[in-house]
Amino acid sequence: MAGEEAAAAAAAPEAAGPGPAQPPAEARPDGGEAGNGGGYDGKCVFCRIARREEPGTALLPCEYEDLVCFRDIRPGAPHHYLVVPVEHMGNCKTLKKEHIPVVKKMVEVGKTVLQRNNFSDLNDVRMGFHWPPFCSISHLHLHVLAPASQLGFLSRLIYRINSYWFITAEQLIERLQTENAAS
Ligand SMILES: [Zn+2]
Ligand SMILES: [Zn+2]
């Protein structure tokens with residue numbers, strides 16, 4: 001079930017993923033808490049993957065101990081990786097300025113994993129986050145897809161630039177940089 005929102009989001013962006021329906025972000029334990037971070041949620045599939053408790057999902061080499069990287073179980077492109085903090089962190093909407101370094105590290109890991117897998121044209125890469133409520137997994141995760149020029153029809157939709165359900169890593173960093181203590 002490391003699944004991903006992919007299929008469901010494509011058909012109807014509002015649809016909850018294959019997992020149980022989720023309450024609004026505010027009602028979730030991890031939703032928008034001041035510290036945003038730290039800890040482990042045994043019900044969260046990405047928390048379990050990060051602690052190697054999901055034998056079906058192999059972790060790829062990652063240069064940072066506080067991040068993990070693995071393949072998306074439903075690849076939307078020939079290369080499709082997810083970069084995830086080990087500690088449970090809420091989705092990209094709950095991030096603040098102080099999280100910019102984490103996001104940058106996630107991007108770095110994304111670039112490295114592509115290079116390790118012999119994909120070197122970093123201009124032909126799509127990296128970003130699903131904007132709530134269009135993510136079925138609340139644990140912060142960066143999608144790394146390549147080649148961006150070869151995304152299939154559904155993937156072009158699901159990971160569309162300048163849509164209201166997907167934000168690229170650069171756009172997120174910009175947004176965090178200009179944000180005060182909003183939300
Ligand atoms: Zn988690
Ligand atoms: Zn996602």
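Atoms within a ligand are numbered from 1 in the order they appear, just like the ligands themselves. This one's a predicted model, so the numbers in the text were calculated from it and none came from an experiment. Atom set for the values below is all heavy atoms of this structure, side chains included, hydrogens, waters and symmetry mates excluded.
Salt bridge annotation for Arg48-Asp41: absent, with no cationic side-chain nitrogen under 4.0 angstrom from a carboxylate oxygen.
The hydrophobic clustering, which links ILVMFWY residues whose side-chain heavy atoms are closer than 4.5 Å, places Ile161 and Met127 apart.
The two atoms that bring Val83 and Met106 nearest to each other are O-CE, 3.1 Å, heavy atoms only.
Nearest N/O/S atom of His141 with respect to the Zn ion (ligand 2) is recorded as NE2. Within His88, the N, O or S atom lying nearest to the Zn ion (ligand 1) carries the name ND1. Taking the N/O/S atoms of His139 in turn, the shortest distance to the Zn ion (ligand 1) belongs to ND1.
Evaluation of the salt bridge (charged side-chain N to carboxylate O under 4.0 Å, His left out) rule for Arg175 yields Glu179 as partners, not counting sequence neighbours.
Among the atoms of His143, an N, O or S atom falls under 2.8 Å of the Zn ion (ligand 2).
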